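Just below is one structure, and these are the notes that go with it.
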Amino acid sequence: MELSAVNDARQTGLASLLADLATGRTELVDLTTPLSAATPTLELPEPFANLIDFSLEEVSAYNAPGPYWKHHNIHTGEHIGTHVDAPIHWATGRDGKDVAQIDPARLLGPAVVLDVRAEAAADPDFLVDIHHIRAWESEHGALPKGGWLLVRTGWDSRSQDRESFLNKDEQGHPHSPGFTVECAQWIGEESPLSGVGVETVGIDAGAAGGQQPPFPAHHFLLGNDKYGVTSLRNLAQLPPVGAALIVAPLPIVGGTGSPARVFALVDA
Ligand code: MN
């Protein structure tokens, strides 16, 4: 056996992954929506208090305050743009983990994609139910242990337009897809998932304040040490099954969430 063949045979795991990335056999897909002052933020109705939008504050720009450098202060809420919801974000998870305490191993795992674009196009208040997941499983196999369910609604096409992204009616009520109460409870209490990822501003439907309990995805996922990731894009580049997800929030001590960079690895 030639030495090169021996080396090839020994090339396993990480070396194999890096080689596949170098040759393009495996591709890195960025699922993150760029973060700027224009990023649409969740708008809660009165009497609730809202987070601030993201903004950059110039401190110096190669000028007197810093002649050789440019740097900014960033001003942002935790739950802005593509971000992670940690358990302590919700009352049901108040004794759980903050965003810095989430085990990174839970943030890297297999991702599956549920495509409900047609349903969401027909009804902006569309709710994923257990039977949609069961139908997906009958075609693609069981949901992966420690995995992430990514819900493709087509909402990412609205992400740069606050009005259509939040999709409020004349009364100011938002309409965007989410989960049924039963489905949220099943994901939280019974599914093998680490969490769910969505293209919308939050993991619950726009009208989820009217569900019982209100905001069931937050209620049941965060209350069961499962996590949410929002404002994803580029799910079109992922297969229904077979991608690997990397969710990378900032480890903000005491934080209830954090803007995150989210990547997928996919075989080309
Ligand atoms: Mn959030």
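As a basis for the values below, the full set of heavy atoms in this structure was taken, side chains included, without hydrogen atoms, waters or symmetry mates. Quick caveat: nothing in here was measured; it's all calculated off a predicted structure. Numbering of ligands and ligand atoms starts at 1, following listing order. Throughout, numbering of the chain's residues begins at 1 and tracks the sequence.
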Under 2.8 Å from the Mn ion (ligand 1), which protein N, O or S atoms do you find? Ignore water molecules. His79 ND1, His83 NE2, Asp85 OD1

For Ser164 against Arg158, the heavy-atom pair lying closest together: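 Ser164 and Arg158 have their closest heavy atoms at O-NH1, 2.8 Å.
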
Given a cutoff of under 4.5 Å between side-chain heavy atoms of I, L, V, M, F, W and Y, with clusters grown through shared members, what are the other residues clustered with Val181?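 Cluster partners of Val181: Phe220.
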
Glu137: partners by side-chain contact (heavy atoms from CB on, under 4.5 Å), with sequence neighbours left out: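 Glu137: side-chain contact (heavy atoms from CB on, under 4.5 Å) contacts with Ile133, Arg134, Ala142, Leu143.
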
Side chain to side chain donor-acceptor pair (under 3.5 Å) contacts in which one or both residues fall within residues 165-176, not counting sequence neighbours: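 Listed once each, the pairs are Glu43-Lys168, Asp125-His175, Asp169-His175.
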
Could you tell me whether Glu190 atom CD has more than 12 heavy atoms of other residues or ligands within 6.0 Å of it? yes

CA sep, side-chain torsions, deciding dist, call: His218, Phe179, ring-ring contact (aromatic ring centres under 6.0 Å, His included): CA-CA 10 Å; His218 287 83; Phe179 297 90; over 10 Å; no

